[in-house]
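Because the structure is predicted, anything quoted here is derived from the model rather than measured.
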Amino acid sequence: MKPRHDPAWDAFAATLQPHEMPMFPGSPATPAHPARKRLQFFFTGLLIAMSGSFGNAAVTANLQNLQGALGITPVEAAWLPVVFVMTNACMNLILVKFRMQYGLRLFTQIALAVFVVVTFASLFAHDYGWALASRAASGVAAAPLTSAGFLYLIQAFPPAHRLKGLILGIGLAGFSVPLARLTTPHLLEIDGWRSVYLLEMGLALMCWAATILLRLPLSQRFRVFDKLDFVTFALFAPGVALLCAVLGLGRVVWWTEAPWIGLALVGAIVLLTLAVIVEHNRRTPLINTRWLAGADLLRLLGAILLLRIVLSEQTSGAVGFLQVLGLGTDQLHGLFTVILAAMVAGTLVSAFTLNLAKLNKPIALALALIAAGALIDSHSSALTRPANLYFSQALIGFASAMFIGPAMMIGITKVLQEGKQHFISFIVMFSLLQNVGGLAGSALTGTVQVIREKFHSNQLAEGVALTDPQVVQRVQQLSGAYAHTLTDPALRNAEGVALLSRQVTQQANVLAYNDVFLMISALAALGCLWVTINHLRPRWKARRAARNDEAAQAAAVAAAD
């Protein structure tokens, strides 16, 4: 890593105190700012951090409406959020080095320019191909916005509290999901999906203007790109894209029904394996596989992946469960308001109770809260309504915002202890696990739900026989609703049987979601136990060593006597 000759940086660095120098290569300096400028940095960071993932959250929250507006099939609609994750996960690999050599601001403005152009074209094209291109461009733009958001927020805090800015900036990205659920349905009533596109494009333009008007302090530039970096990217990017396609579409087209799922999975394994081989044998790797294979890092990355998977209880599980019960978007506003408030509280608690000596505790607590919330949800019934889920979903929302900051701080602490050259490796893996973990959680939740629904449908259907007097009575009650419209008894009876069949299917879905919630609760509880044991293991070793020393000293004294 060779510094680039930059007279502007040399002159600026001469004015900085040692603690104001950039913490990592490519990061801006952190000089003291007056209160007014700190406030400007705060609101700019707030805008940028929340804009990055808002578009994808809006698409995910209103996928059925978008499917109808574009006239596409459910499988085609499922590609839209997956394409966002594909490009976002891949861009993070190249972004870290790009900002070291050319600066984050340049990458951000290029990505935003591409996104604005594609989204503007989508307003007129109204075509599925342009919708896919818009999602892909949005994923590219979101990568630098996520980094820029917390870098701006760091500048808003005085030196003693800058880590709080980092935690807040990381947590803000998660607010986009409940915000999109609360706001976009009203936008769709105004002018359909054009309103959402206009909002997303407007946010991108505001972020673009903000990065021009309020610049981050300078950062030192380095010559970091190597020819083999592009070989790694050429293997890594399509490998991750294929893996995202498998996880995002597998449960939609079903794993064993679509031959391309198997081919894509094989391709992902081959490409990612080749990328790891290339990186493992490089002198200056883009992803340091030897460092990432350390026991502490593997435990941390495993905990992050587990947390992203179990958090699907809220993003896929609870929402899917309420949709099965026939509840619309308007009826979920209260629930998402509670979730948003809980996430705000979780982010603030995480930021203002940060203890660098006990970073495992928030992760264990987050897993415990998710286990408790999922366990409460596993007792749901067909009469459950959003108000019945307020407490459990608030626990999970609080946990989702509380864990991410401490998890990143553990990795950053390891980087500072073992060499800043590992910064790229950690950020790439952290971002990858956030993206892929979310898809994996949705895939697991959806797959288990479908399998258990089939099981419960068979079990319930076995107990429904038209020779049973209670079943006959129930069919008569249900068919009574058609007494004034259908005069033919046979047709009324057929409608009653159809209604009973739908009720059986709905009950099977409810039981299946309860099984999913129970599974997630068990996974989170086991994860909490695992993280707690790893946190306490050094203490146990220290106590055992102290007892052995005392025993050895006692034996030495006894031998001397």
Side-chain angles (χ1 to χ4, degrees), residues 1 24-26 82-102 107 111 136 139-140 142-144 146-147 222-250 260-302 304-306 308-309 408 411 414-415 418-440 443:
M1 188 185 299
F24 294 104
V82 171
V83 166
F84 174 92
V85 178
M86 283 180 178
T87 56
N88 186 258
C90 296
M91 280 303 103
N92 281 307
L93 178 66
I94 208 73
L95 168 63
V96 184
K97 275 203 168 183
F98 188 98
R99 89 181 197 193
M100 287 182 183
Q101 187 156 332
Y102 301 105
F107 189 94
V140 173
T146 303
S147 300
F222 297 86
R223 300 185 187 278
V224 291
F225 275 113
D226 185 82
K227 291 180 180 179
L228 282 178
D229 290 341
F230 300 99
V231 174
T232 299
F233 186 76
L235 294 170
F236 183 88
V240 170
L242 288 173
L243 180 60
C244 291
V246 170
L247 294 175
L249 276 295
W260 72 264
I261 290 288
L263 296 174
L265 184 59
V266 170
I269 293 172
V270 170
L271 289 169
L272 292 176
T273 301
L274 290 174
V276 169
I277 291 172
V278 170
E279 290 299 289
H280 194 73
N281 293 288
R282 286 181 62 183
R283 182 176 299 176
T284 55
L286 182 61
I287 303 174
N288 193 326
T289 54
R290 290 181 174 84
W291 183 70
L292 289 171
D296 291 342
L297 260 298
L298 285 178
R299 282 194 290 267
L300 171 62
L301 297 175
I304 294 171
L305 181 61
L306 175 64
R308 293 308 306 174
I309 289 174
M408 178 169 250
K414 293 289 293 180
V415 169
E418 300 177 14
K420 294 182 180 180
Q421 69 274 14
H422 302 309
F423 178 65
I424 299 175
S425 302
F426 173 70
I427 292 298
V428 168
M429 290 307 300
F430 185 86
S431 302
L432 180 64
L433 290 177
Q434 288 284 94
N435 283 298
V436 174
L439 286 178

Given Trp260 and Leu249, is the side chain to side chain contact (heavy atoms under 4.5 Å, CB included) satisfied, shown in steps?
-> CA-CA 10 Å; Trp260 72 264; Leu249 276 295; 3.7 Å; yes
List the steps, then state whether side chain to side chain contact (heavy atoms under 4.5 Å, CB included) holds for Gln434 with Ile304.
-> CA-CA 7 Å; Gln434 288 284 94; Ile304 294 171; 3.8 Å; yes
Euclidean distance, Cys90 SG relative to Leu432 CG, rounded to 0.5 Å = 8.5 Å
List the atom of Ala89, the atom of Asn435, and the distance in Å for their closest heavy-atom pair.
-> CA-ND2, 3.8 Å
Only counting residues at least two apart or in another chain, list the ones meeting side-chain contact (heavy atoms from CB on, under 4.5 Å) with Ala241.
-> Met86
Which heavy atom in Ala440 sits nearest to a heavy atom in Ile309, and how many Å separate them?
-> CB-CG1, 4.3 Å
Thr87 and Gly139 have their tightest heavy-atom pair at OG1-CA, 3.3 Å
By side-chain contact (heavy atoms from CB on, under 4.5 Å), which residues pair with Leu271, not counting sequence neighbours?
-> Leu235, Pro238, Leu242
Rounded to the nearest 0.5 angstrom, the CG-CG distance for Leu305 and Leu298 is 12.0 Å
Can you list the residues that meet the side-chain contact (heavy atoms from CB on, under 4.5 Å) rule with Ile269, with sequence neighbours excluded?
-> Leu265, Thr273
Considering residues at least two apart in sequence or located in another chain, which fulfil the ring pair (Phe, Tyr, Trp, His ring centres under 6.0 Å) criterion with Phe233?
-> none
Pairs touching residues 230-249 that satisfy side chain to side chain donor-acceptor pair (under 3.5 Å), sequence neighbours left out = Thr232-Glu279
Could you list all the ring pair (Phe, Tyr, Trp, His ring centres under 6.0 Å) pairs where at least one residue sits in residues 261-287, not counting sequence neighbours?
-> none
Yes or no on side chain to side chain contact (heavy atoms under 4.5 Å, CB included) for Asn88 and Val140, after CA distance, side-chain angles and deciding distance?
-> CA-CA 5 Å; Asn88 186 258; Val140 173; over 6 Å; no
Taking every heavy atom of Ala264 against every heavy atom of Val246, the minimum-distance pair comes out as CB-CG2, 3.6 Å
